[in-house]
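Have a look at the structure below, then the notes.
Values in this document were obtained by computation on a predicted structure and should not be read as measured data.
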Amino acid sequence: MNAIVALCHFCELHGPRTLFCTEVLHAPLPQGAGSRDGPGRGEHAEEEEGGIQMSSRLRAHSPAEGASAESSSPGPKKSDMCEGCRSLAAGHPGYISHDKETSIKYVSHQHPNHPQLFSIVRQACVRSLSCEDSLARGFQRWYSIIAIMMDRIYLINSWPFLLGKIRGIIDELQGKALKVFEAEQFGCPQRAQRMNTAFTPFLHQRNGNAARSLTSLTNDDSLWACLHTSFAWLLKACGSRLTEKLLEGAPTEDTLVQMEQLADLEEESESWGSSEAGEEEKEGAEGREPTKCPADSSLLSDCGNWQPRKLSVFKSLRHMRQVLGAPSFRTLAWHVLMGNQVIWKSRDADLVHSAFEVLRTMLPVGCVRVIPYSSQYEEAYRCNFLGLGPHVQIPPHVLASEFAVVVEVHTAARSSLQPAGCEDEPSLSKHEFVVTSGSAVAADRAGPTILSKVEAALTNQNLSVDVVDQCLVCLKEEWMNKVKVLFKFTKVDSRPKEDTQKLLSILGASEEDNVKLLKFWMTGLSKTYKSHLLSTVRSPMASEPRS
């Protein structure tokens, strides 16, 4: 992603100025930016930050080199700058971050080296601070953080993300400056002194300096290095957040449902954020100190701790079939495909979670409702995958129901209880799996057509696990297409039963189990597809007679 993030300031002596900017470079570094490492503590100042190798390289410039750099730089001359509108010291080459994954470099300095980029950033800086002359600041200074992209569509889509992260940086800078201000006011109140100053009422004089730098206002000598880290992370995260995908044809139903679920999660998180903000304001008004969430920690400090994900207990459907045995797996798979409630009882929550991750691959995404591990029984309308502890009681009517299957995991008396040829982990050899249901699936029962095809793929040892996964994807998409036809035929067009039966025969799904499967899978259709069909039917063009 080609973008620039910049910190701007309205200098009381020189007007709007760019203090600090970070840009993305896909080409070799500009001449003089970190070409040689100077001696001293800046020689190897490296740290890891979210996959980016951070390196602050200082280069010692001779007077001649400094004069040459100043004359060729598109930025203002040293005579036109003061402490308030200068960030990096003279001779400082800036900060460089190397992204190991993409070989992209993030470079920070006071002004962009390219004249055209300098002009664009300068115009944005002036526009962001154009209200300075019409508002009274009192004892405040005005700064702005701007993000510039050439792709306006990408910028609009990234606006909520950028707004939240930049808001965090602003809050931290304001917090640091407020602490310094309060400490200075406590030691030596300056309001009366500034009010009585005849010619420079807004210059915030200190030790004879007309303007104070941001590092002085925040009392943070490493401020620019921290801002570089934050801006570089912001550019990388924003570029990785939205990616373009090449789709061959229309997106699948699973893709549409996943997109809808993601949108629902974002709306839910925003509503939770707004409610938490309201609670914090209420607590603040009552004199309480609001509790800060660890996820909202400082963007200017080192973070990024993560925990490695545990390996799955069940590796694949084929692995589960080997562990449970062919008859028990067939019973379990039949109930999964038909939409009946699947209950696993075990004291090992990781084992239950792994089982659900494998079993859910047989269903469309919209048909999966999981409660991974609960301390009490949950009704079938809430979930079709339910994990329970070994001592949780299941209602008798559920145990006797033909619409539920229970898998109980017991401690095996000896490891020989496992089926022969099972390639399971040593931990699975300690367990015994008992599959029970109020309506056992007979071995000679045909079941839904897709179940027979799944079993054929699992038993074919010439097919690898990856190939079996792709077979599942194709089978699900094939039957979801039949679901779409049936939905339009019955729910949208409202055809009679006789016509529906003929359609099922044409689709090769007239058997009882296939009809039940289609009706259950119909609940997994995306809202996008349903609304599209309904809007098409209600459209005036749809009611016109065909020629």
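Listed for the Thr229 side chain is a donor-acceptor partner under 3.5 Å among the backbone atoms of Ala225. Glu260 contributes a side-chain N or O that, together with a main-chain N or O of Thr528, makes up a donor-acceptor pair within less than 3.5 Å. Proximity of a side-chain donor or acceptor of Tyr106 to a complementary backbone N or O of Trp233 within less than 3.5 Å is not detected. Listed for the Asn514 side chain is a donor-acceptor partner under 3.5 Å among the backbone atoms of Thr449. Remark: the backbone N or O of Cys367 is paired with a side-chain donor or acceptor of Asn384 at under 3.5 angstrom. Put simply, the side chain of Ser526 gets close to the backbone of Tyr529: a donor and an acceptor are under 3.5 Å apart. Judged by distance alone, the side chain of Ser437 and the main-chain N or O of Ala404 form a donor-acceptor pair under 3.5 Å. With hydrogens and angles ignored, the 3.5 Å screen pairs a side-chain donor or acceptor of Ser230 with a backbone N or O of Cys226. Thr459 places a side-chain N or O within donor-acceptor distance of the main-chain N or O of Ala456, the cut-off being under 3.5 Å. With hydrogens and angles disregarded, a donor-acceptor distance shorter than 3.5 Å links the side chain of Arg318 to the backbone of Asn460.
Pro364 approaches Asp254 most closely through the heavy-atom pair CA-OD1, 3.5 Å. Nearest heavy atoms, Glu402 versus Asn340: O-ND2, 3.7 Å. Heavy-atom minimum distance, Ser97 versus His228: OG-NE2, 2.5 Å. The shortest heavy-atom contact between Gly389 and Lys345 is O-CE, 3.5 Å. Nearest heavy-atom pair, Tyr377 versus Gln341, reported as atom, atom and distance to 0.1 Å: OH-OE1, 2.8 Å. Summarising the geometry of Ser374 relative to Val392, their closest heavy-atom pair is O-CG2, 4.1 Å, with the distance given to 0.1 Å.
Within 6.0 Å of atom NZ in Lys519, 12 or fewer heavy atoms from other residues, nucleotides or ligands are found, so the atom counts as exposed in its surroundings. Dense packing is recorded around NZ of Lys484, with more than 12 heavy atoms of other residues, nucleotides or ligands lying under 6.0 Å away. Environment of CZ in Arg347: sparse, with no more than 12 heavy atoms of neighbouring residues, nucleotides or ligands closer than 6.0 Å. Within 6.0 Å of atom CZ in Arg167, more than 12 heavy atoms from other residues, nucleotides or ligands are found, so the atom counts as buried in its surroundings. With a 6.0 Å radius and a threshold of 12 heavy atoms from other residues, nucleotides or ligands, Gln393 has its CD atom at or below the threshold.
Leu507 CG to Thr500 OG1: the interatomic distance, rounded to the nearest 0.5 Å, is 10.5 Å. Taking CG from Leu162 and CZ from Arg241, the interatomic distance works out to 8.0 Å, rounded to the nearest 0.5 Å. Here the straight-line distance linking atom CG of Leu472 with atom CD of Gln470 works out to 9.5 Å at 0.5 Å rounding. Here the NZ-CD distance, from Lys430 to Glu432, works out to 16.0 Å after rounding to the nearest 0.5 Å. Within the model, atoms CD1 of Ile450 and CG of Leu475 stand 5.0 Å from one another, a figure rounded to the nearest 0.5 Å. We find the NE2-CG distance between His353 and Asp350 to be 8.5 Å, quoted to the nearest 0.5 Å.
In this pair, Phe314 and Trp344 present their aromatic rings perpendicular. The plane angle is above 60°, beyond the 30 to 60° band.
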Starting from the C-alpha separation in whole Å, work towards a yes-or-no answer on side-chain contact (heavy atoms from CB on, under 4.5 Å) for Ile104 and Lys236.
CA-CA 9 Å; Ile104 293 177; Lys236 176 179 172 62; over 6 Å; no
With side-chain contact (heavy atoms from CB on, under 4.5 Å) as the test, would you mind laying out the steps for His335 and Val435 before giving the verdict?
CA-CA 11 Å; His335 284 278; Val435 181; over 6 Å; no
Before giving the answer on side-chain contact (heavy atoms from CB on, under 4.5 Å), spell out for His319 and Val358 the whole-Å C-alpha distance, their side-chain angles and the decisive distance to 0.1 Å.
CA-CA 10 Å; His319 181 211; Val358 171; over 6 Å; no
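Glu512 and Lys516 are joined by a salt bridge, as a carboxylate oxygen and a charged side-chain nitrogen come within less than 4.0 angstrom of each other.
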